[in-house]
Amino acid sequence: MRVAVTGASGLIGSALCTSLREDGHDVITLVRRAPTSANEVEWNPQTGNVDLDGLQGVDAIVHLAGAGVGDHRWTDEYKEEIRSSRVLGTTAIARAAAALNPQPRVLVCGSAIGYYGDRGDEPLTEASSKGTGFLSDVVADWEAAADPARHAGIRVAHARTGLVVSDKGGAWERMIKIFKLGGGGKLGSGKQVWSFISLTDEVRALRFLIDNDDLSGPVNLTAPHPVTNAEATKALAEALHRPSFLPVPAFALKAALGEFSTEVLSSSCVLPQRLTETGFEWSAPTMDAALKQIL
């Protein structure tokens with residue numbers, strides 16, 4: 001199988017490319033510079049330009065590129081970068097997929113459980129309504145940007161990903177470093193629900209979306225057993241044999257992170273209903289299992 005991947009240098013993208021190549025698949029990575037190898041294809045999400053010749057013959061496209069949500073303080077300028085990097089990039093890839101002949105049989109687009117907003121402990125599935133807030137609006141626009149591929153008859157799946165548990169990047173890598181130094185604890189009240197997925201299962205789920213012709217539209221990529229922040233931080237402390245008695249008050253998070261703190265303190269109990277119904281099996285269905293994989 002020939003698979004094109006955007007965001008291939010990121011945490012999830014690099015792991016996905018490694019997994020595909022280890023199984024003998026031909027992986028093409030889209031880069032925003034002049035290609036330096038035969039398996040690279042140039043694209044520019046801002047202008048919408050994509051080298052279609054380099055994508056000829058691809059069976060699937062996995063689009064994971066986008067500015068990191070937690071990489072910078074949320075100024076007005078960075079919020080626009082978060083939105084535009086997703087909407088413009090997805091539009092460019094969707095139009096490219098639609099223009100190919102033959103077309104790929106599937107476009108898997110990265111998405112996020114931020115779609116559901118702050119909903120407490122309300123069980124949320126793919127059938128749940130859109131929430132409110134900046135990220136919820138971004139995700140709605142992000143997913144709609146794939147319409148050119150959808151209207152061209154290409155199967156499009158939106159991978160609404162939860163908090164990825166990994167020691168190689170993302171929020172969990174930072175948390176692990178803090179806990180190893182003995183400075184960890186719950187964030188805010190600790191009652192907010194964290195819907196997570198291990199990096200291993202994230203990659204397996206993305207490949208499941210590529211292969212399963214019955215899955216299109218939004219698909220929640222989360223483990224089946226969400227935990228509260230207090231439970232997650234306690235599990236991490238126990239796995240590292242470190243204390244977890246230094247909670248971070250909500251006011252301190254707001255001072256340090258600005259508007260992004262609302263996402264850290266928000267709660268969403270997201271369940272992977274469609275993955276469950278189509279027979280996906282998790283290697284790490286619980287937080288303890290996810291931490292065991294990386295620690």
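Note that these values count all heavy atoms, side chains included, but never hydrogens, waters or copies made by symmetry. The first residue of the sequence shown is numbered 1, and numbering continues consecutively from there. Since this is a predicted model, take the numbers as computed values, not measurements.
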Between [X] and [Y], is there a donor-acceptor pair closer than 3.5 Å when you use the side chain of the first and the backbone of the second?
X: Arg155; Y: Asn212; result: yes
X: Ser267; Y: Gly120; result: yes
X: Asn229; Y: Lys186; result: no
X: Glu40; Y: Thr36; result: yes
X: Ser195; Y: Ser268; result: yes
X: Ser266; Y: Asp118; result: no

Do [X] and [Y] share a hydrophobic cluster, counting only Ile, Leu, Val, Met, Phe, Trp and Tyr and linking them when any side-chain heavy atoms are less than 4.5 Å apart?
X: Leu236; Y: Leu187; result: yes
X: Val3; Y: Val41; result: no
X: Ile113; Y: Ile82; result: no
X: Leu55; Y: Ile210; result: no
X: Trp43; Y: Trp142; result: no

Kindly indicate, with the supporting measurements, whether the criterion side chain to side chain donor-acceptor pair (under 3.5 Å) is fulfilled by Gln293 and Ser283.
CA-CA 9 Å; Gln293 283 187 347; Ser283 67; 2.8 Å; yes

Within 45° of the ring axis of Tyr115 and under 6.0 Å from its six-membered ring centre, is that where the NZ or CZ of Arg160 lies?
yes

Assess Lys79 against Phe134: is NZ or CZ under 6.0 Å from the centre of the six-membered ring, and within 45 degrees of the ring's axis?
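Pair Lys79/Phe134 counts as cation-pi.
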
Side-chain donor-acceptor contact under 3.5 Å, Thr222 with Asn220
no

Between Thr286 and Asp288, a side-chain donor and acceptor under 3.5 Å:
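Result is no, nothing qualifies.
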
Any idea which heavy atoms bring [X] and [Y] closest together, and the distance?
X: Ala149; Y: Ala98; answer: CA-CB, 4.4 Å
X: His158; Y: Arg150; answer: NE2-NH1, 3.0 Å
X: Ser166; Y: Ile294; answer: C-CD1, 4.0 Å
X: Leu30; Y: Ala4; answer: CD1-CB, 3.8 Å
X: Leu135; Y: Val69; answer: CD1-CG1, 4.1 Å

Apply salt bridge (charged side-chain N to carboxylate O under 4.0 Å, His left out) to residues Arg83 and Asp137 and explain how you reach the verdict.
CA-CA 9 Å; Arg83 182 187 180 282; Asp137 292 342; over 6 Å; no

Counting only heavy atoms from other residues, nucleotides and ligands, does the tally under 6.0 Å from [atom1] of [X] exceed 12?
X: Lys130; atom1: NZ; value: yes
X: Arg119; atom1: CZ; value: yes
X: Asp121; atom1: CG; value: no

Calculate, to the nearest 0.5 Å, the distance between atoms CD and OG belonging to Gln46 and Ser84 respectively.
5.0 Å

Nearest 0.5 Å please: distance from the CH2 atom of Trp172 over to the CG atom of Leu291.
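Between atom CH2 of Trp172 and atom CG of Leu291 there are 5.0 Å.
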
Does the pair Asp214 and Thr278 meet the rule for a side chain to side chain donor-acceptor pair (under 3.5 Å), with working shown?
CA-CA 8 Å; Asp214 294 328; Thr278 48; over 6 Å; no

Side chain to side chain donor-acceptor pair (under 3.5 Å) evaluation trace for Glu202 with Thr161:
CA-CA 8 Å; Glu202 174 73 9; Thr161 296; 2.9 Å; yes

One thing to verify: whether Asp26 and Arg21 come together as a salt bridge, which I'm taking to mean a side-chain N less than 4.0 angstrom from a carboxylate O.
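Asp26 and Arg21: not salt-bridged.
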
Pairs under 3.5 angstrom only: tabulate donor-acceptor contacts from the side chains of residues 59-67 to other protein residues two or more places apart or in another chain.
from: Asp59; atom 1: OD2; to: Arg2; atom 2: N; distance (Å): 2.8
from: His63; atom 1: ND1; to: Thr6; atom 2: OG1; distance (Å): 2.7
from: His63; atom 1: NE2; to: Thr90; atom 2: N; distance (Å): 3.3
from: His63; atom 1: NE2; to: Thr90; atom 2: OG1; distance (Å): 3.1

